[in-house]
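The figures that follow rest on heavy atoms only: side chains count, while hydrogens, waters and symmetry mates do not.
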Amino acid sequence: MFVKLAVVAVATFILIATPQFHSFALPIGLTLLAAVFAYESIWVVPQQSAWVVERWGRFHVVLEPGLNWIWPFIDRVAYRHSLKEVPMDVPEQVCITKDNTQLAVDGLIYYQVTDPRLASYGTSNYVTAIVQLAQTTLRSEVGKMELDQSLQSRDVINRQIVNVLDEAGRSWGVKVLRYEVKNLTPPETILRAMQAQITAEREKRALIAKSEGEKQQEINLAEGEKQAAILTSEGQKQSAINKAQGEATALRVVADATAAAVNVVAEAIGKEGGLQAANLKIAEEYIGALGNLAKTNNTMIVPTNLADVASVVASAMTVLDRTRAGAKPA
């Protein structure tokens, strides 16, 4: 402001000292002075911003977004804050876990200015305060956990750091919205040991899967053999049933054929001359049987009474008569 006024004063004196501009020096000087006052008095604050105005070195007001007016020489814009959410990296640091293992950790903070006045006067530099407190809290939280637990508890670490920073940030006019651990890096020796453990676990799972597969294969094979035995037994059973049914059918066919033959014989005997033919046939069969019996033995067999031939024929004819008598009603 004072520099601008000094420039206006120098320009006015130069115009006064110049004869051809002497009559215009005062109006030009007053116009330049009015322009400087307007420039220093009218302020346009961007959206999502807050400017802190001091009057005579003390806090006066916070300028809202839009067109604002202040008094030159009396007021001045001392601080300018963005009200947007701001991401900020937390530098990597080495933390010691509960089991005395070094762990390199870095993170990312998301914060937002909520009170421009406290952000201006609550701390000399709230950004540095947030980073330092985040690192201190991170070392403290990691120190409460063992290595395996710290690698698996990122969410727990994030919540604890946010709680601590949010509590401290109330007096700084800043709200910490989130904290995210980006990297947790153990020493190289620990990484190699972890990799070896992971490889061993994979091999173990592969062996278990292979064993389970072989076991299932044996079970399937046994089931297959069992099913094959059952099918074989069922086939044999069905074959026996079919054979029995076939034999029964054959017997029925033979019986039916025999019955038909008997019926034919009975019908033939019932006809004229049939009985004499039957007598003749029986006598021939009888004599033929005696002849065959004599051929198979060295002894000549002769009936003691030749009248037996007639008695045999008579007996056979009696059977035929009975058969014929039984067949007539049918």
Side-chain angles (χ1 to χ4, degrees), residues 45-52 59 62-65 77-202 205:
V45 180
Q47 183 66 33
Q48 284 297 95
S49 297
W51 293 0
V52 176
F59 171 78
V62 175
L63 299 181
E64 300 294 334
V77 177
Y79 301 97
R80 303 184 183 189
H81 300 288
S82 174
L83 302 181
K84 299 177 183 179
E85 183 176 341
V86 180
M88 180 175 58
D89 282 322
V90 177
E92 184 180 83
Q93 61 176 337
V94 177
C95 304
I96 306 298
T97 61
K98 188 177 181 180
D99 51 357
N100 295 323
T101 302
Q102 293 184 352
L103 190 64
V105 187
D106 60 354
L108 188 65
I109 292 177
Y110 294 86
Y111 71 90
Q112 185 178 22
V113 175
T114 56
D115 190 332
R117 179 178 180 180
L118 290 178
S120 302
Y121 304 105
T123 178
S124 60
N125 190 331
Y126 60 82
V127 174
T128 302
I130 291 174
V131 172
Q132 294 297 325
L133 184 58
Q135 290 181 323
T136 303
T137 307
L138 178 61
R139 287 194 298 269
S140 176
E141 293 300 322
V142 172
K144 298 176 183 178
M145 304 177 182
E146 296 183 354
L147 178 61
D148 293 341
Q149 184 181 2
S150 62
L151 293 175
Q152 300 173 3
S153 303
R154 292 194 178 197
D155 293 339
V156 176
I157 296 173
N158 293 340
R159 286 196 300 269
Q160 290 297 109
I161 295 177
V162 169
N163 292 335
V164 173
L165 292 178
D166 190 53
E167 183 68 25
R170 294 177 183 176
S171 60
W172 304 336
V174 177
K175 181 175 181 59
V176 177
L177 303 174
R178 292 188 301 277
Y179 180 88
E180 297 292 337
V181 174
K182 290 199 299 184
N183 297 304
L184 292 169
T185 308
E188 188 66 25
T189 55
I190 301 295
L191 288 176
R192 288 197 295 269
M194 292 173 64
Q195 186 62 38
Q197 182 179 1
I198 293 173
T199 303
E201 289 292 334
R202 289 178 179 175
R205 287 196 295 269

Distance (rounded to the nearest 0.5 Å) between Arg178 CZ and Ile161 CD1
14.5 Å
Can you tell if the side chain of Leu184 reaches within under 4.5 Å of the side chain of Arg154, non-hydrogen atoms only?
yes
For Thr97 versus Met145, what's the shortest heavy-atom pair and its separation?
CB-O, 3.4 Å
Donor-acceptor contact present, side-chain Asn183 to main-chain Val105, <3.5 Å
no
For the atom pair CD (Glu180) and CG (Asp106), what is the distance rounded to the nearest 0.5 Å?
12.0 Å
Trace of the side-chain contact (heavy atoms from CB on, under 4.5 Å) decision for Thr101 with Ile96
CA-CA 6 Å; Thr101 302; Ile96 306 298; over 6 Å; no
Between Ser140 (side chain only) and Thr136 (backbone N and O only), is there a donor and an acceptor less than 3.5 Å apart?
no
Under the salt bridge (charged side-chain N to carboxylate O under 4.0 Å, His left out) rule, what do Lys175 and Glu85 come out as? Steps first, then yes or no, please.
CA-CA 9 Å; Lys175 181 175 181 59; Glu85 183 176 341; over 6 Å; no
Considering all heavy atoms, the nearest Tyr111-Val174 contact:
CD1-CG1, 3.8 Å
Rounding to 0.5 Å, atoms CD (Glu141) and CG (Asn158) come to a distance of 10.5 Å
Where the side chain of Gln47 meets the backbone of Pro65, is there a donor-acceptor pair that is under 3.5 Å apart?
no
Given 3.5 Å as the limit, does a donor-acceptor pair link the side chain of Ser153 with the main chain of Ser150, or not?
no
Please examine the side chains of Trp172 and Leu133, heavy atoms only from C-beta on, and report whether any two atoms are closer than 4.5 Å.
yes
Gap between atom CG of Asp148 and atom NZ of Lys98 - 0.5 Å precision
13.0 Å
Closest non-hydrogen atom pair, Trp51 against Pro46
CZ2-CD, 3.6 Å
Listed pairs under 3.5 Å, donor-acceptor, residues 118-129 side chains, sequence neighbours left out:
residue	atom	partner	partner atom	Å
Ser120	OG	His81	NE2	2.7
Ser120	OG	Pro116	O	2.8
Tyr121	OH	Glu54	OE2	2.8
Asn125	OD1	Val127	N	3.1
Asn125	OD1	Thr128	N	3.3
Asn125	ND2	Thr128	OG1	3.3

Under 4.5 Å between any side-chain heavy atoms of Leu138 and Ile157, yes or no?
yes
If you compare all heavy atoms of Lys84 against all heavy atoms of Gln112, which two are closest, and at what distance to 0.1 Å?
O-CG, 3.8 Å
Report yes or no: does Asn163 contribute a side-chain atom to a donor-acceptor pair with the main-chain N or O of Arg159 at less than 3.5 Å?
yes
Just by distance, do the side chain of Thr137 and the backbone of Ala134 share a donor-acceptor pair under 3.5 Å?
no
Please give me the minimum heavy-atom distance between Val45 and Glu64, naming the atom from each residue.
CB-O, 3.3 Å
Would you be so kind as to tabulate the donor-acceptor pairs closer than 3.5 Å made by side chains of residues 86-94, with sequence neighbours excluded?
residue	atom	partner	partner atom	Å
Asp89	OD1	Lys182	NZ	3.2
Gln93	OE1	Arg139	NH1	2.5
Gln93	NE2	Gln135	O	3.0

Calculate, to the nearest 0.5 Å, the distance between atoms CD and CG belonging to Glu146 and Asn100 respectively.
10.0 Å
Hey, could you give me the CG/CD distance between Asp99 and Gln149, rounded to the nearest 0.5 Å?
10.0 Å
If you look at every heavy atom in Val113 and Leu83, which pair is closest and at what distance?
O-CD2, 3.5 Å
Would you say that Leu103 contacts Leu151 through its side chain, given a criterion of any heavy-atom pair below 4.5 Å between the two side chains?
yes
